[in-house]
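For reference, the structure is listed below as structure tokens.
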Amino acid sequence: GFTKTLHNFLKQKLQILYSIIIFLKMNVSLTPIFQNLQDSDLSPSCHTNHPTVTGTSIIGLLCSDCVLIATDTLGSYGSLSRFTSISRIIEVGRHTTVAVTGDFADFQFISDRLDEKVRQSRLLDDNINIGPREIFSWLNRVLYYRRTQLNPLWLNLVVAGWDKSLSSEGLPFLSYIDMVGTAYEDSSITTGMASYLVKPLLRKTLPNVENERTLTSENGRKLLSECMKVLFYRDCRAYPKYHLAAVSKEGIIIEDVLSNFGNWTIAEYVHGYD
Amino acid sequence: MLAIREHSPNASKTQKAVTVDLPYPGFQFDLCLRNQHLISKGFKAPVSLKTGTTIAGAVFDGGVVLGADTRATEGEVVADKNCEKIHYLAANMYCCGAGTAADTEKTTDLISSKIRLHSLNTGRQPRVQTALRMLKQMLARYGGHIGAYLVLGGVDLTGPHLYTVHAAGSTDKLPYVSMGSGSLAAMATFETGFKPGMSMEEAKTLVSEAIQAGILNDLGSGSNVDLCVITHRGVEYLRPYKEACQKGVRQGDYTYKQGTTAVLQTKVREIMFDVVSVKEQKMEID
């Protein structure tokens with residue numbers, strides 16, 4: 001009697017134990033957390049991280065009464081000179097110009113946003129115009145933010161203008177912003193290949209003293225013309241036609257300049273390779 | 001490896017000839033797999049000494065000017081502040097070297113010896129083109145693994161010549177050239193300043209400015225400018241031509257003047273001594 005009830009009791013317990021084990025086993029293999037996991041859920045987010053249509057270098061100079069920027073009018077599609085008549089300089093309001101090296105689509109995107117900024121500023125109707133320093137600050141923030149999201153705007157920008165924030169008369173302003181968010185002001189700025197080819201020439205010619213702006217507008221134009229010639233000689237993605245933007249107290253003037261194709265008399269001295 | 005095998009006395013006449021194992025030509029790549037495996041396991045391969053350089057040359061009316069900086073880098077450190085990058089090939093030709101320092105040194109040394117033997121053989125002054133051929137044929141044979149990027153210049157009976165040689169063996173003959181990491185800065189200077197048929201002084205100034213542009217704008221180049229002016233009359237080796245980066249003058253003086261520390265007390269104690277013996281030894285003054 002006793003052993004039989006004990007036997008039944010144990011059997012019952014064992015059955016429950018077995019059913020629990022089976023239940024647990026089933027549950028471990030069907031845990032919903034790991035059921036429908038894809039590979040893409042585990043890898044980090046990835047955005048397109050290479051430029052498509054690109055612009056090459058920019059050269060910017062601070063003169064005594066204006067700022068000069070020169071950019072050629074070429075949009076390269078890799079090694080193809082695809083768009084030979086694009087403007088890589090935009091006017092933002094009446095006192096600022098922004099020039100771009102890098103992806104042209106990102107430039108058009110930022111250009112729309114900048115136009116919107118100017119429009120909003122005008123709509124406030126308070127006679128306070130957005131200036132180059134404000135644009136510089138805003139672009140720096142935007143580009144750095146996009147870098148932190150690992151989704152950069154592939155742009156190296158040069159912001160130039162007539163800045164009235166530090167003095168009522170106004171002073172010429174020239175600055176640089178990188179695709180990673182590096183930002184600084186200087187009296188001469190170069191981006192792209194010009195940093196290697198043109199910057200040494202500028203460092204030799206321009207005075208080494210900070211805040212000294214003794215370069216006249218005419219000498220600045222001559223210097224830029226020389227530098228664009230050197231770029232055409234030695235940069236594979238350069239073009240002989242360029243835009244020269246001059247921003248002064250009066251406003252912005254953008255000229256179309258056909259660079260002199262250079263001096264090729266040296267060709268007479270080159271025969272063979274041996 | 002050269003192995004000379006001699007046969008036993010009973011060997012036949014043909015067998016008695018000393019057999020020589022010819023050396024395997026070119027580089028041996030047997031250990032590449034082993035090196036790859038070691039690197040994957042965390043072994044840090046040693047970094048070769050590079051010259052991270054600005055070298056340049058320009059032809060003027062009657063000769064050639066070669067210029068070079070004097071910094072040798074080993075990774076991110078300056079290994080040699082004042083190394084010699086303009087190497088002697090012959091009395092009438094010199095060669096500037098960029099790339100791996102050992103490769104440029106040994107290649108120019110080897111070709112210098114070959115040129116000497118060649119000129120003794122022919123009984124004539126060696127031509128720059130001969131040196132160029134020897135250099136490019138050797139470098140091409142090694143497929144670019146000898147990292148020597150050279151600027152070769154000299155004057156022979158046919159006139160002044162200036163060439164560049166790349167590691168893989170390609171050459172260019174030009175009126176003005178620059179090589180190395182600072183070559184873009186130097187080339188920009190040439191593109192704005194070069195005129196055909198310059199005088200010697202103009203050419204020296206131009207090349208010196210080109211090297212200075214490299215020194216000031218490139219981190220791999222530095223220290224001084226060396227120049228080498230070659231004409232049919234001879235060679236002027238100017239080392240250093242210009243000290244572009246001079247060590248700054250000390251602004252402050254950290255030596256203490258006499259009397260900075262006040263003397264509180266002076267005590268003189270005589271040391272008592274006795275003369276024990278006197279020995280005289282003559283010094284040889286010949």
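Here is the naming used below: chain letters follow the sequence lines, and residue numbers restart at 1 for every chain.
Only the side chain of L201(A) comes within less than 4.5 Å of a heavy atom in chain B; its backbone stays farther off.
A heavy-atom distance below 4.5 Å is found between the side chains of P175(B) and V270(A).
Considering only heavy-atom pairs separated by less than 4.5 Å from chain A, the leading option among A186(B), A188(B), A185(B), G214(B) is A188(B).
By the neighbour-count criterion of 12 heavy atoms within 6.0 Å, atom CD1 of I253(A) is sparsely surrounded, having that number or fewer from other residues, nucleotides or ligands. In L110(B), the CG atom is crowded: over 12 heavy atoms of neighbouring residues, nucleotides or ligands sit closer than 6.0 Å.
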Any donor-acceptor pairs between chain B and chain A, under 3.5 Å? If so, list them.
from: R203(A); atom 1: NH1; to: N217(B); atom 2: OD1; distance (Å): 2.6
from: R234(A); atom 1: NE; to: E191(B); atom 2: OE2; distance (Å): 2.7
from: R234(A); atom 1: NH2; to: E191(B); atom 2: OE2; distance (Å): 2.9
from: Y273(A); atom 1: O; to: T171(B); atom 2: OG1; distance (Å): 2.7
from: D274(A); atom 1: OD1; to: K136(B); atom 2: NZ; distance (Å): 3.1
from: D274(A); atom 1: OD2; to: R133(B); atom 2: NE; distance (Å): 3.3
from: D274(A); atom 1: OD2; to: R133(B); atom 2: NH2; distance (Å): 2.7

